[in-house]
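Each ligand, and each atom within it, is numbered from 1 in the order the structure gives.
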Amino acid sequence: MYTVIGATGNTGRVVAEELLVAGLPVRVVGRSDERLAPFVEKGAEAMVGDVSDAGFVARACDGVGAVYSLIPIAYNANLREWQGKVGKALAKGIRESGAPYVVNLSSVGAQHHQGTGPIVGLREQEDRLNELSEVDVLHLRPASFMENLYMSLDGIRSMGVLAMPMPADVPIAMIATRDIGVEAARRMTALDFDGHHTRELLGPRDYTMTEVAAIVGAAIGKPDLPYVQVPPEAAAEAFAGMGMHAETIPTLLEMYRGYADEHIVPQEPRSAANTTPTTLEEFADQLAAAYHAQGA
Ligand SMILES: NC(=O)c1ccc[n+]([C@@H]2O[C@H](COP(=O)([O-])OP(=O)(O)OC[C@H]3O[C@@H](n4cnc5c(N)ncnc54)[C@H](OP(=O)(O)O)[C@@H]3O)[C@@H](O)[C@H]2O)c1
């Protein structure tokens, strides 16, 4: 049996689907029976509960061969506090369950203990799981998600620009979350790691935001779509308008500063092992479909 935390999310959904397609027994974890139902129809067992509860995590991971673990994002909470609370519950629950293998979702930049905003919380979770001497743990450290671009679609429609707090001309590795899920499922079934390891996943190549605007613009039928770097004050205002917790706003701004200063950069040289297939041009087709559907 395999447990997938965050099974309705970007990466967990793919992990669960890959395992089910391979004919393997899967326990999918989330907060809603209804959202987990599509996996149950394909043969999965559903576990509904809250991963900030260590007892629930222990039950969800009981008797399984491997766990896919992640800390869900909660922008409407104090994110760093939330990461600490959930991270501790996950580590305690996994230890109590006796699960022998964990593939843990971390991030590029998790080599640092500071200056990376939410990624500091992911580094702390790597440290917690590394304290589990009986458990073999692989920390996947993916690049920035291409899916983050969904949050920019409204701005493209209303202002005619791709506007983000990222620098325009610093090349940044970007990955489609589908490729993370595929790799996580592959490693959960191969179990080709022992002890505690990290593996960066760097997408197909690095992109500057100027290039991103050109690729997205071409896909949505706005070939001259400009890129505008949003200054921190304006980004803070926009985040507050989205209902983000006041303590979480500076945490996110720290991450964007980390990208701008090239503090958040991969450590592994790019190789076949950390390069993933989906290009931004391919991903942009999905983005364009969402853009046109929203506009209809
Ligand atoms: N965005 C990036 O560029 C980036 C880059 C590197 C790493 N990361 C990290 O990636 C992680 C997010 O991964 P993801 O995008 O695959 O996840 P996601 O899409 O945010 O999904 C997480 C899932 O967890 C479930 N969930 C939320 N709160 C829960 C709770 N209290 N108890 C149980 N389940 C809960 C939700 O399902 P239900 O609503 O159905 O319960 C949700 O679908 C974060 O740790 C983030 O820091 C992000």
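- The shortest N or O to N or O distance between Ser106 and ligand 1 is not below 3.5 Å.
- Closest to atom 33 (C) of ligand 1, if we only count protein heavy atoms, is Gly49 O, 3.4 Å.
- Shortest contact from atom 20 (O) of ligand 1 to any protein heavy atom: Ile73 N, 4.4 Å.
- Looking at ligand 1, you'll find an N or O of Arg35 within less than 3.5 Å of one of its N or O atoms.
- When each atom of ligand 1 is checked for a heavy atom of Ile71 under 4.0 Å away, the hits are 11 (C), 44 (C), 45 (O).
- With hydrogens and angles left out, the side-chain atoms of Asp127 and His113 include a donor and acceptor closer than 3.5 Å.
- Remark: the Glu200 side chain and the Asn274 side chain contain no N/O donor-acceptor pair separated by less than 3.5 Å.
- The closest side-chain donor-acceptor pair between His245 and Asn76, if any, does not fall under 3.5 angstrom.
- Here's the thing with Pro142: none of its N/O atoms is less than 3.5 angstrom from an N/O atom of ligand 1.
- In terms of polar-atom proximity, defined here as any N/O pair under 3.5 Å, Asn148 does make such a contact with ligand 1.
- Below 3.5 Å of separation, one finds no N or O of Ser107 facing any N or O of ligand 1.
- The closest non-hydrogen atom to atom 27 (C) of ligand 1, taken over Ala184, Ala110, Pro72, Ser144, comes from Pro72.
- A donor atom on one side chain and an acceptor atom on the other are found under 3.5 Å apart for Tyr68 and Thr11.
- The heavy atom nearest to atom 30 (C) of ligand 1, out of those in Met255, Arg31, Arg13, is found in Arg31.
- Counting heavy atoms only, Leu70 comes closest to atom 22 (C) of ligand 1 of the residues Leu36, Val57, Leu70.
- Atom numbering of ligand 1 starts at 1 in the shown order; those under 4.0 Å from a heavy atom of Gly9 are 18 (P), 19 (O), 21 (O), 43 (O).
- Partner of Glu126 under the side-chain hydrogen bond (donor to acceptor under 3.5 Å, both in side chains) criterion, chosen from Arg141, His196, Gln111: Arg141.
- For the side-chain contact (heavy atoms from CB on, under 4.5 Å) with Val26, the qualifying choice from Thr3, Leu20, Val15 is Leu20, the only one to do so.
- For the atom pair Leu201 CG and Leu105 CG, the distance stands at 9.0 Å (nearest 0.5 Å).
- Placement of Val28 and Leu24 within a single hydrophobic cluster is found when ILVMFWY residues are connected by side-chain heavy-atom separations under 4.5 Å, directly or transitively.
- The six-membered or imidazole ring of His139 lies away from that of His197, with a centre-to-centre distance of 6.0 Å or more.
- Distances between N or O atoms of Thr8 and those of ligand 1 include at least one value under 3.5 Å.
- A cation-pi arrangement is found for Arg157 relative to Tyr291, the charged atom lying closer than 6.0 Å to the ring centre and inside a 45° cone about the ring normal.
- The Gly6 neighbourhood of ligand 1 comprises atoms 23 (C), 24 (O), with distances under 4.0 Å to a heavy atom of that residue.
- Distances from ligand 1 to the non-hydrogen atoms of Ala143 include at least one value under 4.0 Å.
- Distances shorter than 4.0 angstrom do not occur between any heavy atom of Thr177 and any atom of ligand 1.
- Asp62 and Ser97 form no side-chain donor-acceptor contact under 3.5 Å, judged by distance and modelled atom types alone.
- Under a 4.0 Å criterion applied to the non-hydrogen atoms of Asp50, ligand 1 contributes the atoms 30 (C), 31 (N), 32 (N).
- The atoms of ligand 1 that sit less than 4.0 Å from any heavy atom of Gly30 are 41 (O).
- In summary, Glu183 and Arg186 engage in a salt bridge, as defined by a charged side-chain N under 4.0 Å from a carboxylate O.
- Listed by atom number, the atoms of ligand 1 under 4.0 Å from Trp82 heavy atoms are 31 (N).
- Heavy-atom contacts of Thr11 reach the following atoms of ligand 1: 14 (P), 16 (O) (cutoff under 4.0 Å).
- When ring centroids are compared, Tyr75 and Phe239 stay outside the 6.0 Å threshold.
- The protein non-hydrogen atom at the shortest distance from atom 13 (O) of ligand 1 is Leu105 CD2, 3.4 Å.
- Polar contact with ligand 1: present for Phe145 (N/O pair, distance under 3.5 Å).
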